Undergrad: 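What follows is a single structure, and I will ask about it in a moment.
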Amino acid sequence: QKEVEQDPGPLSVPEGAIVSLNCTYSNSAFQYFMWYRQYSRKGPELLMYTYSSGNKEDGRFTAQVDKSSKYISLFIRDSQPSDSATYLCAWGGATNKLIFGTGTLLAVQP
Amino acid sequence: NAGVMQNPRHLVRRRGQEARLRCSPMKGHSHVYWYRQLPEEGLKFMVYLQKENIIDESGMPKERFSAEFPKEGPSILRIQQVVRGDSAAYFCASSPPNPEEGEKLFFGSGTQLSVL
């Protein structure tokens with residue numbers, strides 16, 4: 001079983017739609033959870049960061065963590081064409097080494 | 001406030017040559033990480049360094065790859081005798097020294113290595 005599973009997409013939605021991106025993990029040692037956004041030919045950019053189960057909101061973005069079921073989600077409200085990118089989930093444990101999902105490619109159509 | 005700087009952006013090498021990738025962390029950051037991204041794959045951890053110390057190199061291939069972060073100057077990822085399978089995007093990241101923020105990695109724009 002892979003440590004991290006992420007739906008690769010691609011996902012195509014119309015502008016204004018609510019987007020749901022999901023990842024599951026198997027390692028119970030993971031302590032903190034992140035979402036990164038990566039535009040084409042650019043480095044990943046940290047979007048959301050959380051330690052605990054529950055929801056964390058930042059503008060149009062909401063990260064949801066369920067440690068008992070071992071999944072995390074990212075919701076994007078009122079999606080914009082500028083949100084078109086690859087979204088990477090990531091986990092960390094006792095060290096600073098992050099484990100990344102393979103990424104979901106999102107296209108928001110104007 | 002400059003971010004993580006990587007150079008070159010693109011590097012072309014022939015099989016058997018050496019590749020040197022450079023990374024300057026964000027100002028005030030003392031931890032540097034190297035990741036590799038292959039097509040259709042996620043980012044894979046390679047090595048974690050602090051100034052003059054390799055903290056974790058568990059993701060580094062055993063041969064041909066080395067990394068350093070000297071007291072002065074950028075971090076260097078060195079690949080000797082490159083092969084076609086080394087073609088990938090190599091990303092450097094840095095993080096702040098304080099433990100509360102240490103897990104937040106800030107990435108550079110990467111170096112795309114192409115081996116002919």
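It should be emphasised that the depicted structure is a prediction, and the values quoted were computed from it without experimental measurement. In the text below, chain A, chain B and the rest are named by the order of the sequence lines, each starting its count at 1.
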Undergrad: With a 4.5 Å limit on heavy-atom distance, are the side chains of A/R77 and A/T62 in contact?
TA: yes
Undergrad: At a 4.5 Å cut-off on heavy atoms, which part of A/L105 comes close to chain B: side chain, backbone, both, or neither?
TA: neither
Undergrad: Below 4.5 Å from any heavy atom of chain B, which atoms of A/Y36 appear? Answer side chain, backbone, both or neither.
TA: side chain
Undergrad: Using a heavy-atom distance cut-off of less than 4.5 Å, which residues of residues 72-94 of chain B contact chain A?
TA: B/F91
Undergrad: Going by the ring pair (Phe, Tyr, Trp, His ring centres under 6.0 Å) test, which pairs reach into residues 58-85 of chain A, not counting sequence neighbours?
TA: none
Undergrad: Do the side chain of A/T24 and the main chain of A/K70 share a donor and acceptor less than 3.5 angstrom apart?
TA: no
Undergrad: Going by side-chain contact (heavy atoms from CB on, under 4.5 Å), name the residues that satisfy it together with A/I18, two or more places apart in sequence or in a different chain.
TA: none
Undergrad: Between A/P81 and A/E15, is there a side-chain heavy-atom distance shorter than 4.5 Å?
TA: yes
Undergrad: Take atom CZ of A/R60 as the centre, draw a 6.0 Å sphere, and report whether it contains more than 12 heavy atoms from other residues, nucleotides or ligands.
TA: yes
Undergrad: Spell out the residues in residues 45-61 of chain B that have some non-hydrogen atom less than 4.5 Å away from a non-hydrogen atom of chain A, in order of number; otherwise answer 'none'.
TA: B/F45, B/Y48, B/D56, B/S58
Undergrad: Which atoms form the tightest heavy-atom contact between A/C89 and A/Q6, and what is the distance?
TA: SG-OE1, 3.4 Å
Undergrad: Would you say B/R9 has more than 12 foreign heavy atoms packed within less than 6.0 Å of its CZ?
TA: yes
Undergrad: Under 4.5 Å heavy-atom distance to chain B, tell me which part of A/E45 shows up: side chain, backbone, both or neither.
TA: neither
Undergrad: How about A/L106 and A/T104: do any of their side-chain heavy atoms sit closer than 4.5 Å?
TA: no
Undergrad: Establish, from distance only, whether the side-chain atoms of B/S109 and B/Q6 form a donor-acceptor pair under 3.5 Å.
TA: no
Undergrad: Around atom NZ of A/K42, are there more than 12 heavy atoms from other residues, nucleotides or ligands closer than 6.0 Å?
TA: no
